Amino acid sequence: MKVRLEIDGSLQEPEVVIKTPKDDATVQHLKNLLEKSTTADTIKCYQDKTEYFLKLDSILFIETADRRLQIHTADNIYTSTKHLYELADTLPGYFLQVSKSALINLYQVNALSKSISNCLISFRNSHKQIYASHRYYKQLQERLNEMR
């Protein structure tokens, strides 16, 4: 593997490009490592009037419900003042949109139960579940297969 550094004064922030003859598990692993190292590992959220800083790996999924952004961990539900699309742009690559109103942490997925109309996602060490819409199912399966 070759590693090369180019200095470009016109850039506002660093940009990493991986050039590869084929997409395989090694390339995906390298991509995931780079994404993890360049993003914050916590997210600010609230429960009642208390502000929390949750570690991203403790988050099962994030959804919009009742016009509020809810962040689900195995034991609790927190709220955020941000919009789902804002978080989707800033979260690392192991978070994936699975419906119009939900993002999941791919590392927390335990099982997929597919039916004709939708897909039910179960999470590790939790009773919580969420539905993935048919539109996002293929990408969900592909990403999970890449990670395993």
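These numbers come from the heavy atoms of this one structure, side chains and all, not from hydrogens, waters or symmetry mates. Predicted, not measured: the structure shown is a model, and the values here were computed from it.
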Should [X] and [Y] be regarded as members of a common hydrophobic cluster, given that ILVMFWY residues are connected when their side-chain heavy atoms come within less than 4.5 Å of each other, either directly or indirectly?
| X | Y | value |
| --- | --- | --- |
| Leu112 | Leu120 | no |
| Leu30 | Val16 | yes |
| Leu87 | Ile77 | no |
| Tyr131 | Leu106 | no |

Measure across [X] and [Y] and return the closest heavy-atom pair with its distance rounded to 0.1 Å.
| X | Y | answer |
| --- | --- | --- |
| His83 | Glu86 | N-OE1, 2.8 Å |
| Leu140 | Ala132 | CD2-CB, 4.1 Å |
| Ser101 | Leu84 | C-CD2, 3.5 Å |

Can you list, by chain and residue number, the hydrophobic cluster partners of Tyr136 when the side-chain cut-off is 4.5 Å?
none
Can you find a heavy atom in the side chain of Gln70 that is under 4.5 Å from one in the side chain of Tyr78?
no
Considering residues, nucleotides and ligands other than [X], do more than 12 of their heavy atoms fall under 6.0 Å from its [atom1]?
| X | atom1 | answer |
| --- | --- | --- |
| Lys128 | NZ | yes |
| Arg135 | CZ | no |
| Asp89 | CG | yes |

For Phe123, the option from Asn110, Ile130, Asn105 that meets side chain to side chain contact (heavy atoms under 4.5 Å, CB included):
Ile130
[atom1]/[X] to [atom2]/[Y] distance, rounded to the nearest 0.5 angstrom?
| X | Y | atom1 | atom2 | answer |
| --- | --- | --- | --- | --- |
| Leu56 | Tyr107 | CG | OH | 12.0 Å |
| Thr42 | Phe53 | OG1 | CZ | 7.0 Å |
| Ser99 | His134 | OG | NE2 | 14.5 Å |
| Thr73 | Asp57 | OG1 | CG | 11.5 Å |
| Gln97 | Ser133 | CD | OG | 8.5 Å |
| His127 | Gln129 | NE2 | CD | 9.0 Å |

Stacked cation flag Lys44 on Tyr52, 6.0 angstrom / 45 deg
no
For residues 58-69, which side-chain N or O atoms pair as donor and acceptor with protein atoms under 3.5 Å away, sequence neighbours left out?
| unit_1 | atom_1 | unit_2 | atom_2 | d |
| --- | --- | --- | --- | --- |
| Ser58 | OG | Lys55 | O | 2.7 |
| Glu63 | OE2 | His72 | NE2 | 3.0 |

Modelled atom types, side-chain donor and acceptor of Ser10 and Asp8, under 3.5 Å
yes
Does one side chain, of Tyr46 or Glu51, offer a donor that lies under 3.5 Å from an acceptor on the other?
yes
I'd like a table of donor-acceptor pairs (distance under 3.5 Å, sequence neighbours excluded) in which one partner is a side-chain atom from residues 18-25, with atom names and distances.
| unit_1 | atom_1 | unit_2 | atom_2 | d |
| --- | --- | --- | --- | --- |
| Thr20 | OG1 | Lys22 | N | 3.4 |
| Thr20 | OG1 | Lys22 | O | 2.8 |
| Lys22 | NZ | Asp24 | OD2 | 3.4 |
| Asp23 | OD1 | Gln28 | NE2 | 2.9 |
| Asp23 | OD2 | Gln28 | NE2 | 3.1 |
| Asp24 | OD1 | Thr26 | N | 3.3 |
| Asp24 | OD1 | Val27 | N | 3.0 |

What do the steps show when you test Ile71 against Leu54 for side-chain contact (heavy atoms from CB on, under 4.5 Å), and what is the final call?
CA-CA 9 Å; Ile71 301 169; Leu54 289 180; 3.9 Å; yes
